[in-house]
There are 2 protein chains.
Amino acid sequence: MVEAAVALIEEGGIEAVSVREAAKRVGVSPGAPFRHFESKTALLTAVATEAMARLTRHIEQALADAADATPLEQYRVLGYAFLAWAFGNPTHFEVISTRAVIDFEASGLLAANNRIRDRMLQLLKEAVARREIMSVSAEDAMLATRALAYGLARMYIDGQMPSWGIEPQAALQTARRLLDMQIDALRRPRRGD
Amino acid sequence: MVEAAVALIEEGGIEAVSVREAAKRVGVSPGAPFRHFESKTALLTAVATEAMARLTRHIEQALADAADATPLEQYRVLGYAFLAWAFGNPTHFEVISTRAVIDFEASGLLAANNRIRDRMLQLLKEAVARREIMSVSAEDAMLATRALAYGLARMYIDGQMPSWGIEPQAALQTARRLLDMQIDALRRPRRGD
DNA sequence: ACCTGAACACCGTTCAAGT
DNA sequence: ACCTGAACACCGTTCAAGT
């Protein structure tokens, strides 16, 4: 059922998912899925949980590969990993980020989100402690990075890049460059310093 | 019909809109709206066109009030105006930004979007010419601002702020602060300069 | 324990027929 | 010119009945 749902999203976006159609593809009657998923929302939440697990694994793998790098470089790696995963898996990213159709509080989605968030904060605090970056509010810097990366990823999956002058095939590269600009700015003295 | 659609979105988000329910509220039969709107998408596109007109007016008013400010300050004003409008009119913002349910290429939506984009580019180029900011790619700076502001606005309307540690009532203030950080970074020397 | 298949209350959309 | 109201092909969800 989860696979069938993913296939339907791939074909026509998230609102093209119908429990009935997914059931038909699995070869089962319209009512059968409701023995396994309480509702359509629960089905999409299961898809989201799977997607979030993949995103988390992708990020953790990238961080493990960069274990020797400085905190700020690891922060950058985390951002890159997020962007690469979102741009490379638009279907799964769409489900995670469209909270109107899933139950984000449930199924460890919030917990996984918080783990990423804590990791970002921790890396930023280490970077400050090592004087790798200027003394900034780690919360603000993290939120700025998250908002930038999330904004870019959503613009990409919503097909907004062209109307802002970016060819889709150049989008990931551009996104990385903008993230770099933001992260590099953390290292430069602020007005008045 | 447009008003009824807005009311339905206000009550239950964009996917709670049904042409039949809107027709019922207007006191008309289920098929009647289809004489005036080709499809549900066309109806929501009409809502989006109205919303985009309001956003454009809001931004142009803010810029007119700041006509004496420097280009960079006007750029900031434009960003503030976008954030204030998006946070203050979540229903209308949702329609503009959910491109899966509207026809963005039609009805001047793209044109209005391009006008805002051109205005941002122009202000940035003036700011560079006046040496108000470092010499950067105006395209990159614009896209970074757009992605940050859009990301923040979507996080807000999707209810994601709490899971990133921001109380909703502090969200606009935080968003403005992060936009300030980004814009101020344009004034500081880059690595290697 | 799991599925079927009918049923209910909804959809978007079309279209003859009415005024 | 505009609306009605029935119709069609869909939905999500429930539930008795079957295996």
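Just so it is clear, the structure is predicted and the values come from calculations on it, not from any experiment. Numbers restart at 1 for each chain; the letters A, B, ... are given by sequence-line order, proteins then strands.
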Non-neighbouring partners of B:Tyr80 that pass ring-ring contact (aromatic ring centres under 6.0 Å, His included), sequence neighbours left out: none
Considering only residues two or more places apart or on different chains, which pairs with a residue in residues 6-19 of chain B satisfy salt bridge (Lys or Arg N to Asp or Glu O under 4.0 Å)? B:Glu11-B:Arg25
How many whole angstroms separate atom CG of A:Leu44 from atom C1' of D:dG12? 12 Å
Counting only heavy atoms and a strict 4.0 angstrom limit, can you tell me which residues of residues 1-10 of chain A come near DNA chain D? none
Under 4.0 Å: is that the gap between some side-chain N or O of B:Ser29 and OP1 or OP2 of D:dC3? no
From the list C:dT4, C:dC11, D:dG12, which nucleotide is the closest neighbour of the side chain of A:Val19? D:dG12
Go through the steps to decide whether B:Leu178 and B:Met181 satisfy the test side-chain contact (heavy atoms from CB on, under 4.5 Å), and finish with yes or no. CA-CA 5 Å; B:Leu178 299 183; B:Met181 283 171 49; 3.9 Å; yes
Near DNA chain D, under 4.0 Å by heavy atom, which residues of residues 31-40 of chain A? A:Gly31, A:Phe34, A:Arg35, A:Ser39, A:Lys40
Starting the side chain at C-beta, find the nucleotide from C:dC3, D:dC11, C:dG12 nearest to A:Arg20. D:dC11
I want to check something: taking the side chain as every heavy atom from C-beta on, are B:Val128 and B:Leu124 in contact at a cut-off of under 4.5 Å? no
Between A:Trp164 and B:Leu143, is any pair of side-chain heavy atoms under 4.5 Å apart? yes
Can you check the B:Lys24 NZ to C:dG12 P distance for me, whole Å? 12 Å
Does the side chain of A:Ser18 get closer than 4.0 angstrom to OP1 or OP2 of D:dC10 through an N or O atom? no
Can you give me every donor-acceptor pair (side chain of residues 33-42 of chain B, partner residue at least two apart or in another chain, under 3.5 Å) with its distance?
{"from": "B:Ser39", "atom 1": "OG", "to": "B:Thr41", "atom 2": "N", "distance (Å)": "3.4"}
{"from": "B:Ser39", "atom 1": "OG", "to": "B:Ala42", "atom 2": "N", "distance (Å)": "3.2"}
{"from": "B:Lys40", "atom 1": "NZ", "to": "B:Val17", "atom 2": "O", "distance (Å)": "2.9"}

Nucleotide-level pairing of DNA chain C, given in dot-bracket where Watson-Crick and G-U pairs need both distances under 3.5 Å and | marks other strands: ||.|||||...|||||.||
